[in-house]
Amino acid sequence: MISVTFPDGASRQFEPGVTGLDIAKNISPSLAKRSVAMTIDGSLSDLASRLDRDAKIEFVSREDPRALELIRHDAAHVLAEAVQELFPGAQVTIGPVIENGFYYDFYRETPFTPDDLPAIEKKMREIVARDEPIVKEVWTREQATAFFHAKGESFKGELIEAIPAGENLNIYKQGHWLDLCRGPHMPSTAKIGGAFKLMKVAGAYWRGDHTKPMLSRIYGTAFARQEDLDAYLHQLEEAERRDHRRLGREMDLFHFQEEGPGAIFWHAKGWTLFQKLVAYMRRRQALHYNEVNTPQVLDRALWETSGHWQTYRENMFLTKTEDERVFALKPMNCPGHVLIFKNGLKSYRDLPVRIAEFGVVHRYEPSGALHGMMRVRAFTQDDAHIFCSEDQIMDEALKINDMILSIYGDFGFSDVVVKLSTRPEKRVGSDEAWDKAEAALQKVLDELARRGLKTSVQPGEGAFYGPKLEYTLRDAIGREWQCGTTQVDFNLPSRFGAFYIGADSEKKTPVMVHRAMFGSLERFTGILVEHYAGHLPLWLSPLQIAVCTITQEADDYALEIASAARKLGLLVELDLRNEKITYKVREHSLAKIPVLLVAGKKEAAERTISIRRLGSQAQTSMALDEALAALIAEATPPDLKPLH
RNA sequence: GCCGGUUUAGCUCAGUCGGUAGAGCAACUGAUUUGUAAUCAGUAGGUCGCGGGUUCGAAUCCUGCAACCGGCACCA
């Protein structure tokens, strides 16, 4: 007999080989009916799994959050079954659960189009209605290979080959259809319920490798309850509403056009916002960094020295002059900064040398990668390079980290993930140097984790010259974007022959720490717009106040307000148009102007002002001087506030 | 770069079977002097993404290219 313990601490004895379903039935028929899976010693498992030894088990109902991945995984299988029923010859590959749903990749001569989705979804609902029992079988490798080979499923065949010898091959059957799958699954297709939806089709490379065939991927999502699905779809709509590309147009910040793919046309308001960010960053780093500026176009020879010509050329904009000399637009600022460091003899006493630049870089990104302001071909980095000794790396990296977090905090970002990317296969430099660099960054990462930050490690994802810490933020629809970064580089300084004189009078090669905090000013602006849903805080808003009159009789007073506010440094628009106040309120609200100051006859007589804030219907009336003082205080950038 | 989709007025979108374009909003003009998210009336606005082709005739059909959108791959 084996002993099975339940969450409440009670335990019961069963014959070895008893299934979860048997146990549930033994407890109560309703429990058996309600359960779609169980956990065995904490890990999710089929209800039909057999127990051979003592274990702690817990039954999982369909409504349990842990069942969500089962619902989605089962939905992926049903999607595959539906596709193969409707489109004979479509080959199955893999169909995992992902963050907001699931997908299944198929191989098919003609890829699926969005028009195919309704029919597939309809078929899926049929399969769910059939309530096909989902049954696991364990096959031998030969059996599985023969089966999928006979069906012409070459991709599955490849997957089977990749499974280590000696491991069981699990086959999950539902009705006449079956798939090789790790599981677990729910007992039958009806458990999926009706709260699912196919979302989109997309191409995806087999095994994520661009040298391999392109598969046709169908994305879907599924939830336990219809209201959860509805809420999710609603959330997607909301995200679309705060998409920076849409808000950028509505707020008149910038535009793109065909002639400059991946290049931003900044409008006056957008550029004001951009410059506010630059000014903010300048103040933040003024004490520790020396700001410089380096050439936009540099000779090919320089890029050969840096290694960019050999490893980065396909991403570079090249230009040839009349006399056949080849130049490149800089894709990075580092070589320029090394040259500034090299210009003049440096002593160990000078270290660390910190050189900063709001450097505009051009990168010829693949056309398919472009994405609004988040991924462009010309962008501005708040870049800096720190030339220091090896034993200064740790200290510098920690300082950078503190500054990045403090800066993100000023913008209300708390959902920051810091990722350590370690040595890639293709790299330069000695293992000892890598050990030191990674250890330093790992130490920083540990410290961050200790402080409660989300951290992770991405093995092999580092730059060829060194490991890096990547600071990522999320956009409106949950996409993660890398912003800040700290990279440790043992390579470039020596390639350029940069050195300093050590305490022993010997020439030493400095270590170079690359760092950016916003990363790309353009991307950061995009993230900000989405983060605030266009409701920029007063200090960032490129147009802070609209002074609106109710009647022309208030024009003089409104003029006085506007000029007083402008004298105080506030960005003010004066709206004296002969329009109804409701019209003006609507228009300025749509333009996302943070503060509306409304003046009518009453205000003019009393020297007060009616204040209406973006996003609120409320109006408050206040003495003019008082209102301006409050607005000035609010419009002060966070780093200039007394308590910063 | 790869797969799929899209491209018609400043914006959002109609446009049937191939017969050389339409709405709402925005803009402009006039009237309205207005109390917190749309006052009324009128006017103007388009080489239908670009280039080829088929046709008596192309926004519509075929074809090449570009940009954009969603993914993949790549990356700040």
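Side chains included, hydrogens not; waters and symmetry mates left out as well; all remaining heavy atoms used.
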Classify the nucleic acid contact of [X] as base, sugar-phosphate or nothing, counting any heavy atom under 4.0 Å across all strands shown.
X: A:Lys601; answer: base
X: A:Ser610; answer: base
X: A:Tyr219; answer: sugar-phosphate
X: A:Gly260; answer: nothing
X: A:His371; answer: sugar-phosphate
X: A:Arg363; answer: base
X: A:Leu590; answer: base
X: A:Gln617; answer: sugar-phosphate
X: A:Val376; answer: base
X: A:Gly208; answer: sugar-phosphate
X: A:Cys548; answer: nothing

Using the six-membered ring wherever Trp is involved, compare the ring planes of [X] and [Y] and label them parallel, tilted or perpendicular (cut-offs 30° and 60°).
X: A:Tyr364; Y: A:Phe317; result: perpendicular
X: A:Phe155; Y: A:Tyr107; result: tilted
X: A:His255; Y: A:Phe265; result: parallel
X: A:Trp481; Y: A:His371; result: tilted

Would you say [N] has OP1 or OP2 under 4.0 Å from some side-chain N or O of [X]?
X: A:Lys468; N: B:A76; value: yes
X: A:Arg375; N: B:C69; value: no
X: A:Arg612; N: B:A37; value: yes
X: A:Arg586; N: B:U36; value: no
X: A:Gln482; N: B:A76; value: yes

Of A:Lys602 and A:Met373, the one whose nearest nucleotide on RNA chain B sits closer to the 5' end is A:Lys602
| request: Return the 5'-most residue of the pair A:Glu553, A:Phe518 with respect to RNA chain B, ranking by each residue's nearest nucleotide. | output: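 It is A:Glu553, whose closest nucleotide lies nearer the 5' terminus.
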How many whole angstroms separate atom [atom1] of [X] from atom [atom2] of [N]?
X: A:Glu579; N: B:C28; atom1: CD; atom2: C1'; result: 13 Å
X: A:Ile611; N: B:G35; atom1: CD1; atom2: C1'; result: 16 Å
X: A:Gln257; N: B:A66; atom1: CD; atom2: P; result: 18 Å
X: A:Arg217; N: B:G70; atom1: CZ; atom2: P; result: 16 Å
X: A:Leu597; N: B:G35; atom1: CG; atom2: P; result: 19 Å
X: A:Tyr312; N: B:C74; atom1: OH; atom2: P; result: 14 Å
X: A:Phe106; N: B:G71; atom1: CZ; atom2: C1'; result: 16 Å
X: A:Ile98; N: B:C72; atom1: CD1; atom2: C1'; result: 12 Å

Once base and sugar-phosphate atoms are separated, protein heavy atoms under 4.0 Å mark nucleotides 1-11 of chain B, 5' to 3', with B, S and - as BBBS------S
Carefully, step by step, assess A:Arg241 and A:Glu238 under the rule salt bridge (charged side-chain N to carboxylate O under 4.0 Å, His left out). CA-CA 5 Å; A:Arg241 229 163 271 144; A:Glu238 284 299 315; 2.5 Å; yes
If I pick the [atom1] atom on [M] and the same atom on [N], what distance separates them, to the nearest angstrom?
N: B:C48; M: B:U33; atom1: P; result: 44 Å
N: B:U16; M: B:A21; atom1: P; result: 13 Å
N: B:A76; M: B:U54; atom1: P; result: 50 Å
N: B:A67; M: B:C50; atom1: C1'; result: 10 Å
N: B:A59; M: B:G53; atom1: P; result: 15 Å
N: B:G5; M: B:U43; atom1: C1'; result: 38 Å
N: B:G42; M: B:G4; atom1: C1'; result: 46 Å
N: B:C68; M: B:C11; atom1: P; result: 15 Å

Worksheet item: Is it true that the NZ or CZ of A:Arg72 lies under 6.0 Å from the centre of A:Phe102's six-membered ring and within 45 degrees of the ring axis?
Response: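 Because its charged atom misses either the 6.0 Å distance or the 45° angle limit, A:Arg72 does not stack over A:Phe102.
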Cationic tip of A:Lys200 above A:Tyr219 ring, under 6.0 Å, 45° of axis =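 Flagged: A:Lys200 positioned over aromatic ring of A:Tyr219.
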Worksheet item: Is there a donor and acceptor pair closer than 3.5 Å between the side chain of A:Glu603 and the base of B:G35?
Response: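 Between B:G35 and A:Glu603, which were checked side chain against base, a qualifying N/O pair under 3.5 Å is present.
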Classify the side chain of A:Thr582 and the base of B:U36 as holding, or not holding, a donor-acceptor pair under 3.5 Å.
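Check fails, no donor-acceptor contact within cut-off.
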Side chain of [X] - closest among [options]:
X: A:Phe379; options: B:A27, B:G35, B:A76; value: B:A76
X: A:Lys200; options: B:G70, B:G35, B:A67; value: B:G70
X: A:Pro261; options: B:G35, B:C68, B:G70; value: B:C68

Can you tell me how far [atom2] of [Y] sits from [atom1] of [X], rounded to the nearest 0.5 angstrom?
X: A:Leu597; Y: A:Glu573; atom1: CG; atom2: CD; answer: 12.0 Å
X: A:Asp116; Y: A:Thr110; atom1: CG; atom2: OG1; answer: 8.0 Å
X: A:Leu570; Y: A:Leu538; atom1: CG; atom2: CG; answer: 7.0 Å

Flag if over 12 foreign heavy atoms under 6.0 Å of NZ, A:Lys197: no
Task: Of A:Glu357, A:Arg282, A:Arg515, the residue whose pairing with A:Tyr289 passes side-chain hydrogen bond (donor to acceptor under 3.5 Å, both in side chains) - done: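 By the side-chain hydrogen bond (donor to acceptor under 3.5 Å, both in side chains) criterion, A:Tyr289 pairs with just one of A:Glu357, A:Arg282, A:Arg515: A:Arg515.
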Would you sort out whether A:Arg363 and A:Arg377 count as a side chain to side chain contact (heavy atoms under 4.5 Å, CB included), showing the intermediate values?
CA-CA 5 Å; A:Arg363 298 182 185 175; A:Arg377 285 182 175 155; 5.9 Å; no
Stems in RNA chain B, runs of 3 or more consecutive Watson-Crick or G-U wobble pairs with both distances under 3.5 Å, sorted by first number, are B:1-7 with B:66-72, B:10-13 with B:22-25, B:27-31 with B:39-43, B:49-53 with B:61-65
